[in-house]
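Counting convention: from 1, in listed order, for ligands and their atoms alike.
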Amino acid sequence: MQYKIKCIGLLTSGGDAPGMNAAIRAVTRTAIFNNIRVKAIYRGYKGLIADEIVDFQTQHVSNIIQQGGTILKTARSQEFKTIEGRQKAYENMQKHGIDALVVIGGDGTFTGARIFAQEFNIPIIGLPGTIDNDLCGTDSTIGYDTALNTIIEAVDKIRDTASSHERLFFIEVMGRDAGFLALNSALASGAEAAIVPELETKEDQLKSLIQNGFRKSKNSSIVIVAESEITGGANGLAERMRIEHPEYDVRVTILGHIQRGGSPTAYDRIIASRMGVAAIDALMDEQRNIMIGIVNNEIVHVPFTKAIKDDKPLDQSLLGVLHVLSI
Ligand code: F6P
């Protein structure tokens, strides 16, 4: 090996996701196991610019695998989007002797990482940490499974009151521009339908739903709606429904940030641990500027450019499954 990594910087950035702590633990312990020093960077790129950097030992990551959130804190840094900000970040890396970075986050995190790596010739490895599951090249992102389970737990509870009052509920879930949380939580909670961003410009999903015999044989209904500026999310659809179909007794629940919290599921802990180990393995193997993913249960290396491409396909045949199962 020509260039040996002696010290890594580790940060979490963007929206937090359950399982980030399990990933922090795995990266830290694998690095130390391989005689690589770890510098923890607090508050993502913002902290890298502001020099919020401390030495991490293996005990710093004890007792965190089960905790939601991120012990490193997180932020969305505007300054890192500027060359001046990135210059400061680079100088702090040099000051602390950091010769590679492991960044845990979503597409914003990797977009920043890709530019930073190119400008300053820094090896960077990314771990996919976002509840949205919107990164290409991995079957699941860290936090997605926990968020799904949080959603279905909430929907199960809402179903009790929906059915007692014979109401139609629009339940809004997160996902930014992706419908993975909406579609799969709808399947797992036995909802009537999912309204997803991927179809927004193609059809009027609410209209199709009603035309397809929506709620004919039921005394209550649950529709999972992905957050969206185009449809107006659950509130927007409910508003339409009240005007176009006043016969329905409509209610709205916006699940919001409850979806980002909580103890990670076993699945998220396992993928976070495997990906964390793989990140250090990749650095020692002189890989750079890639995201670690898991596809068909195998670790894969995905170039940042591919990971952040805006085209992770939602399996739209599952909308058909949902339709069949909702009769
Ligand atoms: O990317 C994760 C996510 O939770 C999205 O689903 C959501 O649109 C966004 O972050 C919310 O961000 P914030 O917590 O900054 O309001």
- Query: When you look for heavy atoms under 4.0 Å from ligand 1, do you find them on the side chain of Gln259, its backbone, both, or neither?
  - Reply: neither
- Task: Could I get the full list of side chain to side chain donor-acceptor pair (under 3.5 Å) partners for Glu119, not counting sequence neighbours?
- Result: Arg86
- Any idea which protein heavy atom is nearest atom 9 (C) of ligand 1, and the distance to it?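 Here the nearest protein heavy atom works out to Arg176 NH2, 3.7 Å.
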- Query: Who's the nearest protein heavy-atom neighbour of atom 2 (C) of ligand 1, and how far?
  - Reply: Asp132 OD2, 3.3 Å
- Message: My understanding is that we take every heavy atom of each candidate and find the minimum distance to atom 8 (O) of ligand 1. Doing that for Glu227, Arg76, Arg260, His257, which one comes out nearest?
- Response: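 The residue whose heavy atom sits nearest atom 8 (O) of ligand 1 is Glu227.
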- Message: Parallel, tilted or perpendicular, judged at 30° and 60°: which one describes the rings of Phe56 and His60?
- Response: parallel
- Is any side-chain heavy atom of Val54 closer than 4.5 Å to a side-chain heavy atom of Lys39?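 No; the side chains remain at least 4.5 Å from each other.
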Tabulate below the donor-acceptor pairs under 3.5 Å that side-chain atoms of residues 171-183 make, not counting sequence neighbours, or state none.
{"unit_1": "Glu172", "atom_1": "OE1", "unit_2": "Ala234", "atom_2": "N", "d": "2.8"}

- Query: Does Gly175 reach ligand 1 with a nitrogen or oxygen that is under 3.5 Å from one of the ligand's nitrogen or oxygen atoms?
  - Reply: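 By distance alone, the answer is yes.
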- Please report the shortest heavy-atom distance between Val252 and Ala238, naming the atom on each side.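 Result for this residue pair: CG2-CB, 3.3 Å.
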